[in-house]
*Asks:* 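The structure is given below, and queries will be raised subsequently.
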Amino acid sequence: MKKIILPVSLVFIGLIVLGMYFFNFGKDDLNVKISNSAYVMPSVYKVYANPQALNGEYYFFKMLMTNEGGSSLHDVKVSYDIPGYIDWTELQTIPVIYPGQHVVIRCYPHFKDDVVKKMTQSEETGEIKIEYNGGKVKKESFGFNMMGRNQFVYTDIPADQVTSYPDMTRNTQLLPCLVTPEDPIVKYYTSQVQDRFMKGEAASVDNTPEEQSKFLVDLYAATLTSRMVYSGTEGVPQKLGDISSLVQSTRLPREVITGNTGLCIELSLLYASVLKAAGLHPVIFLKPGHAFPGIRVTNGFYAIEATGIAGQGLSTVAKIQGPNEAFVSGMAELKDFFANQDKGDTRYSIIDVNDLEAKGVVPMELPDDDFLRKKVDDIAATFSTNGVSNTPAATNNGGGSTTRTTRRSNSNGNRGGNSGGSNIATYSGEISFSYPAGWVRTNYPNAQVPALAAIISADAVSGISVWNVQANSPDQAMYIIRNQAASVGRYITYQKTGQQNGYTMYRGYTTYQGGSAQWEGGFRSGGNGIVGITLGSSNFASYQAIFNQIISTVR
């Protein structure tokens, strides 16, 4: 009897195992786990859309899909929408997910420019649809907070993971989204300041550090003359999902200008916007409870205490400072700032606007506004036509720059020189060369590509680009430029033509919607990677002689 029981038991167990195998083999069990952002800030919409910005840290949601069934899943299409903001959009289609396989998908949403019109906070829903195996559908959804345009949330790290001051203020690296040099209102205000306080002359990166620091003093004088005042507000703690953060209602630079008032961070954002619009390299210094603006120059930094205008929110003993006093205060504050930073105090940090913009932290787009222009006109009417500052911005008694060469950003190669004469201008930096004085220079012309500057001919058919690429060789640099140019709709073909004065030379064509351009250029090691210059035109033959002259001056 025992001899019969054992084989029967083994057969029975085998049938159970075989049945379990066939049961699981036909099962298409798709497990989905979603990790989503607790909030969206409209002012940061361009960062959210760019998977390259800050190494893709600011995704809308991340989804982990796991095939827990016994058979493969085919043609798995993932789509999402945000009702009222983004229609159903396909994220990705995975041809096959094998049993036990994990797939991770990140969503970088493309909000429309008009998302910045949203002024109040609201609770919204994100929806996800997964279609697979020719008809099966799985749906998921999650809630999040859509903030108002002016609301700035200081961290996106869950409360139970915050371990340091930098964790609580991680989003300060997004502040350049609120620096708006291309805002028509900011540009108009900048031109008024230049016309009334600088006699139409703009300080620029082509000028000396002393002239650049003088721009800080003159800008302060403009705010003082218009009776701009400091007005303090406190951030409000909020619970947003698993995030606990200070949320601050932050006036945009155009609102600081036209309202003639601002908090220290708002004044700093205004200064950074105007400084960048004028061609300087703006920075914002952050320390516990305070922010103050400055500029980066070839030998270090300059700063000014923008709140010296005094007003509501400052101590009753605070007095209004004159332009030079505010500059001296700013330089003293800068010295203290670096002393604390050198001690390792992580509460002291620098927001380098150009450096972060190169990493994809780009500002929102804002429309022109006739009413706000009229308010700028009213403010400009308060400026004295004799209001040019005659106080030295850089003197030995506290006006000299605070040097921090070890903290120079990758973009520091963009240092221009003075005009070499009435018909010739010069560019100085890791690459130096001369070019026609009538050509118009723009620094950091496109955050999507590693160009330090673009210099365009008066007839706008030719131009020069100066490059600094994080690469190991000229060939690798050209490969990176080609790929990044393609991301903005410009398609490059090229060939290597030899060596000249230490540069690897290339020649090629760039095609784009509506036309094409021929170009030539050279690249070499320098800066923090590979530096180079390219010269191109849609009418290359007519500019060949000029290009040859420019190339002959390249050093």
Side-chain angles (χ1 to χ4, degrees), residues 42-43 116-117 119 148-152 175-198 200 202-203 215-233 248-280 282-284 291-295 304-314 320-321 323 326 351 353 363-385 387-389:
S43 60
V116 298
K117 294 180 180 179
M119 304 303 291
R149 178 185 74 183
N150 294 76
Q151 290 178 297
F152 190 84
L175 283 172
C177 291
L178 304 178
V179 175
T180 56
E182 295 303 316
D183 177 356
I185 305 305
V186 170
K187 293 175 76 171
Y188 187 50
Y189 177 78
T190 302
S191 69
Q192 294 294 323
V193 172
Q194 291 171 334
D195 287 344
R196 303 300 180 93
F197 282 84
M198 303 165 197
F215 192 104
L216 277 175
V217 177
D218 288 334
L219 178 54
Y220 178 92
T223 64
L224 193 61
T225 302
S226 67
R227 293 186 172 85
M228 184 177 287
V229 296
Y230 174 92
S231 56
T233 59
Q248 192 157 37
S249 182
T250 306
R251 283 167 286 216
L252 302 183
R254 59 163 48 190
E255 295 163 342
V256 176
I257 292 168
T258 56
N260 219 23
T261 185
L263 178 66
C264 61
I265 185 61
E266 296 166 341
L267 293 171
S268 296
L269 293 169
L270 167 63
Y271 272 67
S273 299
V274 174
L275 292 166
K276 188 166 178 62
L280 279 77
V283 294
I284 297 173
F292 59 103
I295 54 173
I304 198 163
E305 182 45 72
T307 64
I309 53 179
Q312 178 188 354
L314 292 176
I320 294 177
Q321 295 183 329
I351 302 300
V353 175
M364 69 185 89
E365 293 185 22
L366 296 167
D368 205 347
D369 188 302
D370 290 339
F371 176 74
L372 296 183
R373 277 182 178 265
K374 179 61 171 63
K375 296 198 76 170
V376 173
D377 287 335
D378 293 341
I379 291 169
T382 68
F383 297 161
S384 168
T385 55
V388 180
S389 170

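Note that the structure is a prediction, hence the values are computed from the model and not measured.
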*Asks:* About how many Å separate CD1 of Ile379 and OG1 of Thr225, when rounded to the nearest 0.5 Å?
*Replies:*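 One gets 12.0 Å once the value is rounded to the nearest 0.5 Å.
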*Asks:* Side-chain contact, heavy-atom cut-off 4.5 Å: Lys276 with Val353?
*Replies:* yes
*Asks:* Minimum heavy-atom separation for Pro42 to Val116, with atom names?
*Replies:*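 Heavy-atom minimum between the residues: O-CG1, 3.9 Å.
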*Asks:* About how many Å separate CD of Glu255 and CG of Leu269, when rounded to the nearest 0.5 Å?
*Replies:*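 Answer for the CG-CD pair, Leu269 versus Glu255, is 11.5 Å.
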*Asks:* For the pair Asp369 (side chain) and Ile185 (backbone), establish whether a donor and an acceptor sit closer than 3.5 Å, ignoring hydrogens and angles.
*Replies:* no
*Asks:* Is Thr250 close to Leu178 at the side-chain level, that is, under 4.5 Å between some pair of heavy atoms?
*Replies:* yes
*Asks:* Going through the distances and angles, do Arg373 and Asp368 end up as a side chain to side chain contact (heavy atoms under 4.5 Å, CB included)?
*Replies:* CA-CA 8 Å; Arg373 277 182 178 265; Asp368 205 347; 2.9 Å; yes
*Asks:* How close do Ala380 and Gln192 get, heavy atom to heavy atom, and via which atoms?
*Replies:*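 Closest pair (atom of Ala380, atom of Gln192, distance): CB-OE1, 3.4 Å.
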*Asks:* Any chance you could lay out the side chain to side chain contact (heavy atoms under 4.5 Å, CB included) test for Leu175 and Ile265, step after step, and finish with the verdict?
*Replies:* CA-CA 9 Å; Leu175 283 172; Ile265 185 61; 4.0 Å; yes
*Asks:* Whether the side chain of Tyr189 engages the backbone of Pro253 through a donor-acceptor N/O pair (distance < 3.5 Å, no angle test) should be reported.
*Replies:* no
*Asks:* Walk me through it: do Lys374 and Asp378 pass the test salt bridge (Lys or Arg N to Asp or Glu O under 4.0 Å)?
*Replies:* CA-CA 6 Å; Lys374 179 61 171 63; Asp378 293 341; 2.9 Å; yes
*Asks:* For Ile304 and Tyr271, run side chain to side chain contact (heavy atoms under 4.5 Å, CB included): C-alpha distance rounded to whole Å, both residues' side-chain angles, the deciding distance at 0.1 Å, then the answer.
*Replies:* CA-CA 10 Å; Ile304 198 163; Tyr271 272 67; 3.8 Å; yes
*Asks:* Give the minimum heavy-atom separation between Gly308 and Tyr220, together with the two atoms involved.
*Replies:*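 For Gly308 and Tyr220, the tightest heavy-atom pair comes out as C-OH, 2.9 Å.
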*Asks:* Val179 versus Pro363: any side-chain heavy-atom pair under 4.5 Å?
*Replies:* no
*Asks:* For residues Asp218 and Val193, determine if any side-chain heavy atom of one lies less than 4.5 Å from a side-chain heavy atom of the other.
*Replies:*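 The answer is no; the side chains never approach within 4.5 Å.
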*Asks:* Is any side-chain heavy atom of Arg149 closer than 4.5 Å to one of Lys117?
*Replies:*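 Of all side-chain heavy-atom pairs linking Arg149 with Lys117, none is under 4.5 Å.
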*Asks:* Report yes if some heavy atom in the side chain of Phe383 is under 4.5 Å from a heavy atom in the side chain of Ser226; otherwise report no.
*Replies:*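 The answer is yes; the side chains approach within 4.5 Å.
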*Asks:* Is a side-chain donor or acceptor of Tyr230 paired with a backbone partner of Ala306 at a separation under 3.5 angstrom?
*Replies:*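 Flag not set: sc Tyr230 to bb Ala306 has no pair under 3.5 Å.
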*Asks:* Any chance you could measure Leu270, atom CG, to Leu263, atom CG, to the nearest 0.5 Å?
*Replies:*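 One finds 12.5 Å between CG of Leu270 and CG of Leu263.
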*Asks:* If you measure from CG on Leu372 to OG1 on Thr258, what distance do you get to the nearest 0.5 Å?
*Replies:* 5.0 Å
*Asks:* For residues Met364 and Ser43, report the shortest heavy-atom separation together with the two atoms involved.
*Replies:* CE-CB, 3.2 Å
*Asks:* Please report the closest heavy-atom contact between Met228 and Leu267, naming both atoms and the distance.
*Replies:*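 The pair with the smallest heavy-atom distance is SD-CD2, 3.6 Å.
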*Asks:* Distance check, rounded to the nearest 0.5 Å: Leu216 atom CG versus Ile295 atom CD1?
*Replies:*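 Going from the CG atom of Leu216 to the CD1 atom of Ile295 covers 4.5 Å.
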*Asks:* Is there a side chain to side chain contact (heavy atoms under 4.5 Å, CB included) between Arg251 and Thr261 once you walk through the steps?
*Replies:* CA-CA 9 Å; Arg251 283 167 286 216; Thr261 185; 3.5 Å; yes
*Asks:* To the nearest 0.5 angstrom, please state how far the CG atom of Leu366 sits from the CZ atom of Arg254.
*Replies:* 4.5 Å
*Asks:* Please report the closest heavy-atom contact between Glu305 and Thr307, naming both atoms and the distance.
*Replies:* OE2-OG1, 2.5 Å
